[in-house]
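Working notes for the structure below.
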Amino acid sequence: MTINIVTVGKIKEDYINRGIAEFSKRLLKYCNLNIIEVAHENIPKNSTGQADMVKSKEGKRILARIPDNSYKIVLDVKGKPMTSKGLASSIQNLQVQGWSNITFIIGGSLGLSEKVLNEADYQLSLSHMTFTHQMIRLILLEQIYRAFKIIAGEPYHK
Ligand SMILES: C[S@@+](CC[C@H](N)C(=O)[O-])C[C@H]1O[C@@H](n2cnc3c(N)ncnc32)[C@H](O)[C@@H]1O
C-alpha cells in the first residue's frame with residue numbers, strides 16, 4: 001500500500017518536523033509514504049473576498065499532484081468523524097477492493113476549495129476543533145501509523 005499526503009505549505013516548526021520524521025520512519029515498515037507539498041498562496045493584505053481565490057489557486061496545485069488511481073480522502077473540520085479502528089478497517093477494505101494508493105489531502109490556512117472537497121471520495125474530520133496545517137500533518141501520520149498497528153494486530157498505546 002502507498003500512502004500519499006498532499007499538503008499545502010511547509011512545516012516551519014522544528015518540533016513538528018521531528019515528530020513527522022519519527023512517524024514517517026515508523027510507517028516505512030507498513031507502507032510506502034509520499035509527502036507531497038504544494039506552495040501556499042500568499043494571502044493579500046486586504047483579503048476581504050479573496051479567500052475563494054486563494055483556495056482556488058491552492059486547489060489547482062493540489063489536484064495537479066494527486067497520484068492517478070488513488071482513493072482520495074480530504075481532511076476537513078466539517079467532514080465525517082472516524083474512530084482509529086474505523087480508519088484501520090477502511091484502509092484494509094480499500095486494500096481488499098484493490099486500491100494500492102490512498103491520498104490524504106490537507107488544506108492551507110484558509111482550508112480547501114469546493115472543487116477539491118467535491119473531488120474527494122471521503123471527507124474526514126479528525127476533531128470538531130481546528131488545527132494548523134502543520135499540526136494536522138503530524139496528527140494524521142500518527143493516526144495512519146496507529147491504523148497499521150491495528151491492522152497488524154501489534155501492540156501500541158491504548
Ligand atoms: C488551519 S486549517 C484551515 C481552517 C479553515 N478555516 C477551514 O475551515 O478549513 C488547515 C487545514 O488543516 C486541516 N484540518 C485542520 N483541523 C482539522 C480537523 N479537525 N479535522 C480535519 N482536518 C483538519 C484541513 O485540511 C484544513 O484545510
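Both ligands and their constituent atoms are indexed starting at 1 by order of listing.
The protein atom (non-hydrogen) at minimum distance from atom 10 (C) of ligand 1 is Gly108 O, 3.1 Å. The protein heavy-atom contact nearest to atom 18 (C) of ligand 1 is Met129 O, 3.7 Å. Looking from atom 16 (N) of ligand 1 to the surrounding protein, the closest heavy atom is Phe131 N, 3.0 Å. In this structure, atom 8 (O) of ligand 1 lies nearest to the protein heavy atom Lys78 NZ, 4.2 Å. With respect to atom 20 (N) of ligand 1, the closest heavy atom belonging to the protein is Leu126 N, 2.9 Å. For atom 9 (O) of ligand 1, the nearest protein heavy atom (residue, atom name, distance) is Gly111 CA, 3.4 Å. When hydrogens are left out, the protein atom nearest atom 12 (O) of ligand 1 is Ile136 CG2, 3.7 Å; that is the closest non-hydrogen contact. Scanning the protein for heavy atoms near atom 26 (C) of ligand 1, the closest one is Gly107 N, 4.0 Å.
Taking all atoms of both residues into account, the shortest heavy-atom contact from Met1 to Asn101 is SD-N, 4.1 Å. Contact between Ser113 and Gly59 at its shortest, heavy atoms only, is OG-CA, 4.0 Å.
Using a 4.0 Å cut-off between heavy atoms, Leu110 contacts ligand 1 through its backbone alone, with no side-chain atom that close. Using a 4.0 Å cut-off between heavy atoms, His128 makes no contact with ligand 1 at all.
A salt bridge between Glu22 and Arg26 is present, with a side-chain N of the basic residue lying under 4.0 Å from a carboxylate O of the acidic one. Salt bridge status for Glu37 with Arg65: absent, with no side-chain N to carboxylate O gap under 4.0 Å. A salt bridge between Glu142 and Lys149 is absent, with no side-chain N of the basic residue lying under 4.0 Å from a carboxylate O of the acidic one.
Exactly one residue among Leu126, Ile5, Ile105 makes a side chain to side chain contact (heavy atoms under 4.5 Å, CB included) with Leu75. That residue is Leu126.
Considering backbone and side-chain N/O of Ser127, one or more are found under 3.5 Å from N/O of ligand 1. Polar contact check, Leu75 against ligand 1: a nitrogen or oxygen pair lies under 3.5 Å apart.
The backbone N or O of Leu112 lies less than 3.5 Å from no partner atom in the side chain of Glu58, so there is not a single donor-acceptor pair. Judged purely by atom type and a 3.5 angstrom limit, Ser127 uses its side chain to pair as donor or acceptor with the backbone of Met129.
The side-chain tip of Lys80 points at the ring of Tyr122 from less than 6.0 angstrom away and within 45° of straight on.
Within ligand 1, counting atoms from 1 as listed, the ones closer than 4.0 Å to a heavy atom of Leu124 are 21 (C). Atom numbering of ligand 1 starts at 1 in the shown order; those under 4.0 Å from a heavy atom of Ile106 are 12 (O), 25 (O).
In this structure, a donor-acceptor pair under 3.5 Å is present between the side chains of Glu154 and Tyr30.
For atom 21 (C) of ligand 1, the choice among Leu140, Thr132, Asp76 with the nearest heavy atom turns out to be Asp76.
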